[in-house]
Structure formats: structure tokens, C-alpha cells
Protein chains: 2
Amino acid sequence: MPTIRDVAKRANVGIATVSRVLNNNPSVSEDTRNAVLAAINELDYTPNPIARQLSTGRTLTLGVILPYLTMPSYVERLRGVQHALAETEYNMVLFSVGGPTERDSYFKDLPRNNLVDGILIISLPPNDTQAERFASAEVPTVLVDAHHSRLSCILTDDVKGGKLATQHLINLGHRKIGFLSEFLETPFHPSAYYRYQGYRKALEEHGIPFDPAYHISGERGRTNAKKMAKQLLTLDDPPTAIFAGNDIQAIGVLDAAMELGVNVPDDLSVIGFDGIRDGEYTNLTTIDQHLYQSGIEGVHMLISALEAHPKTPREKRLSLELLVRGTTQRFRTQK
Amino acid sequence: MPTIRDVAKRANVGIATVSRVLNNNPSVSEDTRNAVLAAINELDYTPNPIARQLSTGRTLTLGVILPYLTMPSYVERLRGVQHALAETEYNMVLFSVGGPTERDSYFKDLPRNNLVDGILIISLPPNDTQAERFASAEVPTVLVDAHHSRLSCILTDDVKGGKLATQHLINLGHRKIGFLSEFLETPFHPSAYYRYQGYRKALEEHGIPFDPAYHISGERGRTNAKKMAKQLLTLDDPPTAIFAGNDIQAIGVLDAAMELGVNVPDDLSVIGFDGIRDGEYTNLTTIDQHLYQSGIEGVHMLISALEAHPKTPREKRLSLELLVRGTTQRFRTQK
DNA sequence: TCGGGGGCTGGAACCGGTTCCACAAAACTA
DNA sequence: TAGTTTTGTGGAACCGGTTCCAGCCCCCGA
């Protein structure tokens, strides 16, 4: 593998000059430049980026910490990141987190070791100690789908979204509205809890009393959602509409309805939350939280932090959109 | 940021000794080791991986070159890679390819510049020149879902898969079988072409003449598949079964059937190819090509090449599985 | 008592770039 | 024509680790 010194020798110049040519420094005469370029060509020389990284202190690499791609929403956000990064000079190192230990070890080492110029954290909220570590590090950090007052973040207003979803059902004439989600207390970002709050607020604003029997939470995943939905649907006085904490769970609700012979949307309206592609196939009404866009915005915020090194963290809220498809319908008393 | 020299000074030892402690070299006395560890702790020192990379020549990083995550099959393969990599000491840099220019630039630079210890290429077949460059580089390369005789690869037998799919339809009594796919001539891996060959072979073996009217190809994507399927289904003598080149296209066929009021599977059997998760929602019969597994196998092969540096490329074929779900049915003359 | 060998340790060179600084030659300025 | 700037260039130090090699000390055997 030829080095910069081989090139210098071959072109009969100093290594500083070769370096200048490589970095398009204008203070090199035309003749010298050509001689160097010729030598580079003859030797098929490529500069070693590791050496460059060591001496400049820049790696031109951004680290993305995110959970294993088990949930479609992570993939969708990553797609956005990928798209936004393509237009920049930065590469992306993926740190996939399988569990809390791994997460904590990345959270501990990454801000200290100069391996990356900036860090994007997706759907993994740091605790106070960890956030402090990120905030005091010289490498900027941006959270996507997570919040901490010490760090910049891209946020979704889950309370508002929960309200939006519930209001849609209320506007359709539903009064018996179930809420189904993963456990509200979670060590990760408690989006389900916020959505639940939006649900409660919407009910309250419309003078609909909250019925604890219509609220169920449990382990995440389609199959568990199906089980929970069955519980709701076999109540003596079952809900006429169900708001599921995310799209995958909403699909679980559809599974349950199918198995119980409950017709959607005639006998049951179902609304989800996320706006993942799977919703298309199932024709699911949902709240679109612009997952793809969140990745793009995260990268933009990180890049601008890289250039400006702002002292105070920034926050950006993404908009939400009600996506009416085929699983919600006006409630008919008649039935 | 403290360096190894700061630690050495604080612990009153030489830098070599600190380095030995960092690398668990046994020839350090217990006392010295403790003194060094104490200094490391007091200074909150973390070794700089870039400097280590430069001096050892190892980056502990693998490069993954793959197309933007536009197709579910890429995501599924990447999931497998992610899973397999988690058990190793390697990190993963993602080089996402949006177009041919970007692909070629990665293909050109990556094998030369020591940025990664090994390269995994997913669904992007190199041409002869590029393959030669990879083969002669000192960093090992493995192809997943692509083939070149000079490089190790993880392969799917698309001809066999195409035969399997077609035979399934034939076994169900179908004789008028359509084949719909993206263009057969493509600069990328011509899997559609191989699947088409399997289709032809199966017909031949069962003495069914090939009817060019039943063969259609065009741009990729669900919407285009829908258009093409409509053409097939509005023929004077339409096929009773359609084999689509991949699952997304098969879903497009389902869209077309729905719009034309053609009942699946009563009036039309549809089979896809891939085994992506989207197939679950649509209850699609398909050929499962074990995408997730392909990522895992790719990583395993690459890691073993990293350790053994084999001179000749290796090849591994993944198995295929017919996944019978709800979109195919026995053909009834009666109709 | 002396020589040899092993256990620890530190200095210096090295990995391959970038960049500060010094300096020669050329190009202005008066 | 002498003095001052400008332009182009090379040497050496530096980034922060690893590792070769030399050397010290101690213990052991003769």
C-alpha cells in the first residue's frame, strides 16, 4: 500500500506538498500539482482515512444508536437518516442495541472516545447521568423520539396525537372507546403513557366519563395485542371503538376482531398510531407521526450542531396527521 | 481529553506499561497494574480507538454496502447482519447506495483505504473489474444475494425457486399460468431472470407449452405490478394463476384482482417470492428464501475469512421453502 | 562470588496523515 | 538597486496509540 511519502518521492516533492494537493490547497503551482497527480495515479495511491482522522481529529462519521430493527418504526426512521446522510460527506456507523447493557455501554463510551463526530440516538432515552455525559462531551448529540432537557431532540407530541385519535372516534359518534397499549410504565420513552393522557383528555373535553374497564395494557407485540383486544371485545358491554397505542397493536386488534367474527368497521372502529407501511395493507386508520421525516430532521439538527456548536439544546416538534382509511366508521345506534 | 502519556505520568510508569495494562498483557506486576488502573480511573481516561487503529492496522469495523432500504428484503437481510454482528467485537458502517455512481465509488475506494477490516455487499453485484479489485485487496469481501466467481458469496437458487413456485401452481391443477416480474435484463442481480427460467423449466417438465402472452415484465414496484396484472387479467383467455417475481409485485397483483373484482384464490391463484413480512398481512403464498438467514450467513462467512484468509472464494446456497398461505387454491374447471 | 537467565520496565521508533514554521526565489516598490 | 513582500516549497513536529529492543534487577546454580 503506497503512502504519502512514496508519492512525494516519486514526484520529487515534499510530503507537505502532496498533502496540499490532496486537500486542494490553492497555493500549489500548476506544474507541481500535475506532477503529484501523475505520481498518485501511477502508484494507485489512496490516502489512509484513519491516519487523516488521527491528525485532524475529525472522523467524518456519525454514530447512530438505535434498537435492533425489530419494530417497523425504527426502520422507517433509519430510512430517513439514511436519506439525509446521503447528501452529506458523513458516513454512518450503526450501533444496534439488543438490550439495556449494550445500550448503557454505548452511552458510556461513545461520547468519550472520538470514534464519531456526532451522535444520533433513536428511540432510546438516556437517564440523567447519561444525558449529562453526552451534554458535556465535545461530540454533539441529538435525540430522535426521546426527550431530555439537556439535549437537543426531535419530538412527537404524543399527548396531542392521542387526543387527535380519540377525537376522531368521538366525532364519528362513538362513546364507548377502548384504549389498548403496552405497559404505561416503561424504562424507555413512555409514548404509550402520553398517548393515554391524550385519550383521557379528549374524553374529558367531551364529557365522556372514563371507564377503567375499557383500558388495558400489557406486553408489546401483535399477538399480545390480539389477546388483550379479545378481553375488551368479550366484555358484557364491549367498546364500539378501540384506539391502539401503535399500528402493530392495532393490527393485533384487527386479528382479534376477525377471530371473534366482529366486523371492522361496521361493528368496531379501530385506530392505530405511527403510520408505518404495514398499515397500508390492512387499510388501517391511524395517526401518522412522520417517522421518515424524524430521521431527516434528526440528521439536519445534528449537522447544524456540528457546525455551530450551540450552547443550549434545541427542540423540534414534528406535526401529526390523522390518516383516515378503512377501519373507522360512523357509529350507528342501530345494531 | 487525557492521553496515554498523562496516565503514564500520573502513575509514574512508562507509556509502554500503560499500553500493556490496557491490552491485558500478563507481564505487568500486580502493583504496577493497580497503580495504572487507579490513574486511569482518576483521569476518566478512555483510549482513543482511532490512534489504536492506525498503529495496529485493524479497525474492528465491517463495512456493509447495500441499497437504500427501499425494499423490505434489504431490511430483512440487514436485520440478520445486525443480529450476527452483535455477538462479535465488530462495529458496522453502513454505506447506503442510492444509485450506480455512489455504488461505483464505494466499490472503488472501500477495498483500498483500510477504513474497514471486511466488506459485506448486499444485493449489489460487482462487475469483473470491481470484483477483481475486491479479490486482490487485502480486506476480505463477501457477497450476499449476488454472485461472482472471484468472490465468496451467499446465494439463493432462483431457478429452483421459480420452478418450485410454478410446480406448486401446476400441482394445484393450473395450466394457464402467468409470470409477472421486473425487467429480465437488469444491471443488478438478475434474479427475476433466473426465476423466469425456473418457471419455463417447470412448464416444460410438465409438458405445458409456454404462452408469450402470459409473460409480462416492467418497472419494479407495487403499482406497476398492478398495472401489468390488469393487462394479464383482461386478456380474452386470462391466466388462472399468476407467479409474481417478488412479494411486493404479488401484492400488486392482489390489488389488481381486487379492483377488477376477481376473487383470490377462488378465481385466481397468486404466488410471490421472498418471504417478507408484508406477505403475512396479505396472507400471501410465497417462496421463502430466508432473507434474515442470508445476513447471518454472510457475516459468519466474512468473519471466518477474516481469521483464515482463504485463497479461494467460498460459496453457500441457502435453502428455499414453499410457504402455502391463502392466495393459492386448487383449480376448478367449473366456473 | 560470579555468570546467566528470566521478569518487568521504559525509551524510542513507528503507523500515515496534517500543519506550523522557516526559507529560497520571484515579484513587486520606491 | 536595494528593500520588502509574495509565492511556493520542504522539514519536522504532532495526533495517540503499539511494539521492538535494550537494560535493570533479582534469583539461582556452580
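Sequence lines set the chain letters: A, B, ... in the order given, protein chains first and strands last, and positions in each chain run from 1.
The aromatic ring centroids of A:Y74 and A:Y68 lie 6.0 Å or more from each other.
For the pair A:N25 CG and C:dC21 C1', the interatomic distance rounds to 15 Å; values are reported in whole Å.
An end-to-end axis angle of 50° holds for the helix from C:dT1-D:dA30 to C:dA30-D:dT1, taken from five base pairs per end and rounded to 10°.
Residues A:N48 and A:M1 are not in side-chain contact: their nearest non-hydrogen atoms beyond the backbone lie 4.5 Å or more apart.
The closest donor-acceptor contact from the side chain of A:R79 to the backbone of B:L69 lies under 3.5 Å.
If you take OG on B:S304 and CZ on B:R314, they are separated by 4.5 Å, rounding to the nearest 0.5 Å.
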- Can you list the steps and then say if B:V18 with B:R10 is a side chain to side chain contact (heavy atoms under 4.5 Å, CB included)? CA-CA 11 Å; B:V18 178; B:R10 175 146 199 142; over 6 Å; no
- Task: Start with the C-alpha distance between B:S29 and B:D31, add both sets of side-chain angles, then the distance that settles side chain to side chain donor-acceptor pair (under 3.5 Å), and finish with yes or no.
- Result: CA-CA 6 Å; B:S29 76; B:D31 288 354; 5.7 Å; no
- Item | CA sep, side-chain torsions, deciding dist, call: B:M71, B:R220, side chain to side chain contact (heavy atoms under 4.5 Å, CB included) | CA-CA 10 Å; B:M71 301 239 297; B:R220 51 166 61 184; 3.8 Å; yes
- Quick one: what's the B/S/- string for nucleotides 6-18 of chain C, heavy-atom cutoff under 4.0 Å, read 5' to 3'? --SBBBB--BBBB
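Heavy-atom minimum distance, A:H148 versus A:L143: N-CD1, 3.7 Å.
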